[in-house]
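Report on one structure; see the data block that follows.
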Amino acid sequence: MGTEKYLALTQFYQQYAVAVDQADWDTWLGLFKEDCTYKVQSRENYDRNLPMAALSLKGKGMLKDRIYGITETIFHDPYLQLHMVSSPVVINESKYLIESQANYTVFRTKNDGIAEVYNVGRYLDHLQVSSDGIRIKSRLCIFDNDMILNSMIYPI
Amino acid sequence: MVLGAKEKGKSMNQDNSIPIMPVWDQQDTSRIPFWAYTSDDIHKQELEKLFYKNHWCYVGLEAEIPEVGDFKRTVIGERSVIMVRHSNDKIHVLENVCAHRGMRFCRKKHGNAKSFICPYHQWNYDREGNLRGVPFQRGVKQDGEVKGGMSEDFNTADHSLTKLLVATRGGVVFASFDHDVEPFEDFLGPSMLTYFDRMFNGRKLVLLGYNNQRIPGNWKLMQENIKDPYHPGLLHTWFVTFGLWRADNRSELKMDDHFRHAAMISTRGTGDGSAETTNVSSFKQSMELHDPSFLDVEVEPWWNGPTAVMMTIFPSVILQQQVNSVSTRHIQPNGNGSFDFVWTHFGYEDDTPEMTERRLRQANLFGPAGFVSADDGEVIEFSQEGFEQKPFHRSLAELGGKEIEETDHMLSETLIRGMYDYWRKVMGI
Ligand SMILES: [Fe+2]
């Protein structure tokens with residue numbers, strides 16, 4: 001992969017982090033393709049080939065419904081997210097497709113609270129490259145935590 | 001200011017002091033003292049009296065250990081145990097504490113083992129928990145002399161792992177440290193057994209996976225959450241809006257004779273809803289899904305009507321059927337103010353791939369990230385915060401009166417009152 005393309009890829013990972021950290025859900029949605037999949041799954045399920053996931057969304061419609069849930073229907077303690085995303089490893093690439101992964105750490109800060117390590121894991125991605133940039137075909141967030149700290153509201 | 005007689009006679013719950021010996025200073029169980037959730041002493045007693053004696057506790061599904069030698073590490077109360085398949089039709093549950101130096105030797109969450117070896121001194125146990133061998137039991141020969149070794153009267157047969165009593169039914173495994181516990185079927189009682197058998201009717205279960213969450217609240221709050229049919233139609237917008245659980249749905253609340261176990265049984269309504277139900281602020285008339293497949297429900301013959309049956313098996317597990325999503329939810333306390341909540345989702349051997357897909361899709365409603373269940377963990381956390389803040393106070397469970405009775409509607413907190421009636425008897429409080 002050329003430096004130009006790798007730079008765009010790195011930029012994409014950081015843009016994603018900025019969008020979720022700013023709770024900028026329109027931008028977040030815009031990073032996905034229409035027929036995308038988005039899954040947040042424990043490493044235990046992933047390693048054991050068990051299909052269950054904490055969140056498993058197919059298609060942008062479901063992603064929109066999730067955002068509606070987050071903003072309108074699920075009662076939860078407000079919190080901030082801060083993502084630290086490593087530089088991506090390219091697993092496979094062709095002209096229009098990139099298979100890549102990157103590690104992430106999510107810190108959670110609640111009102112009146114102090115930042116805590118909330119979730120750590122890796123993104124396993126299939127990305128589409130086109131003239132209008134990179135879009136997510138599928139993103140699998142595989143987290144190491146055996147226990148989710150009570151609830152998981154926002155996307156990782 | 002001199003206190004009048006009236007003020008002096010204030011009941012305990014208005015007094016800002018916490019009783020040293022907790023006394024149930026309420027008339028009945030429509031009031032629940034906060035110390036029931038905040039006292040560490042109460043918690044230790046609960047572990048002894050509810051989890052380790054007299055009760056059957058959930059350990060897992062047979063589908064989690066399909067092959068001979070397969071094991072799963074789990075807990076009963078706060079004691080680590082191993083569920084292991086000894087043979088095709090025999091499952092053992094053993095305490096994960098070495099008979100020698102007390103080490104929790106099994107570290108893997110699951111696996112396959114011919115025997116269990118404690119790495120510390122390599123004491124070796126078979127899958128029934130019997131001690132098979134001890135290194136250097138007869139000492140070591142040195143200069144023609146035997147040196148060291150265990151005492152003459154040391155007998156491996158006296159040093160098994162703690163073996164639990166095991167009951168399996170319909171592919172679900174329960175165990176008890178108490179070998180004098182009543183038979184599992186009697187423990188559930190006839191009416192709860194009917195609902196248990198409805199869900200576990202002999203078909204083989206297929207494991208779909210887990211969702212684990214750590215909830216910073218007292219474990220009883222989770223039992224109460226699923227004995228509380230008042231909240232789903234209010235807290236859970238999805239349930240109200242799509243008629244999955246609403247005050248005007250046809251429903252029943254049932255209990256065993258001791259009031260410890262319960263079932264909330266409900267049949268999904270049309271979705272239009274009466275004014276009483278749609279006037280609640282969580283009802284969103286205009287809410288429409290971008291992807292309606294979240295609610296692509298297929299009626300299954302085994303339901304025999306109800307679209308949701310939520311069972312609480314006291315003290316350790318919740319059995320969930322919410323339309324096509326079926327799971328067990330295991331309550332694993334850690335201290336009085338926190339518990340781990342382990343969801344095991346499954347399907348049935350005769351499920352079509354579409355049905356498996358449907359169960360997985362509907363699982364988005366449940367678990368720590370669920371559209372419906374995420375808020376349950378949150379309200380439990382904040383309830384605990386309230387209890388810690390004023391442990392001398394009490395909560396109220398008076399919906400549907402102060403009596404304990406089965407109902408044919410869901411506007412009642414009778415199941416919570418029932419649970420505390422039983423709790424007080426067993427705890428001697
Ligand atoms: Fe709930």
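Chain naming here is simple, since letters A, B, ... match the order of the sequence lines and numbering starts at 1 in each. Note: hydrogens, waters and symmetry copies are ignored here, and every other heavy atom, side chains too, is used. Bear in mind the structure is a predicted one, so any value in this text is a computation, not a measurement.
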**Message:** Under 4.5 Å from any heavy atom of chain B, what part of A:D77 do you find: side chain, backbone, both or neither?
**Reply:** both

**Prompt:** CG/A:L50 to CD/B:E64 distance, rounded to the nearest 0.5 angstrom?
**Reply:** 9.5 Å

**Asked** Between A:R66 and chain B, which part of the residue has a heavy atom less than 4.5 Å away: side chain, backbone, both or neither?
**Response** both

**Request:** For residues A:M52 and B:N211, determine if any side-chain heavy atom of one lies less than 4.5 Å from a side-chain heavy atom of the other.
**Result:** yes

**Complete:** Cut-off 4.5 Å, heavy atoms of chain B, and the answer for A:Q41 is neither

**Complete:** One option among B:G370, B:A363, B:A369 has the most heavy-atom pairs under 4.5 Å with chain A, and it is B:A369

**Message:** Between A:Y154 and chain B, with a heavy-atom cut-off of 4.5 Å, which part of the residue counts as in contact: side chain, backbone, both or neither?
**Reply:** neither

**Request:** For residues A:D65 and B:D291, report the shortest heavy-atom separation together with the two atoms involved.
**Result:** OD2-N, 2.8 Å

**Item:** Residues from residues 335-358 of chain B approaching chain A under 4.5 Å (heavy atoms)
**Value:** B:D340, B:V342, B:H345, B:E357

**Prompt:** Non-hydrogen atoms of chain B under 4.5 Å away: do they reach the side chain of A:I153, the backbone, both or neither?
**Reply:** side chain

**Request:** Let me know if A:K60 has heavy atoms under 4.5 Å from chain B in its side chain, its backbone, both or neither.
**Result:** neither

**Prompt:** Less than 4.0 Å between a side-chain N and a carboxylate O, is that true for B:E381 and A:K110?
**Reply:** yes

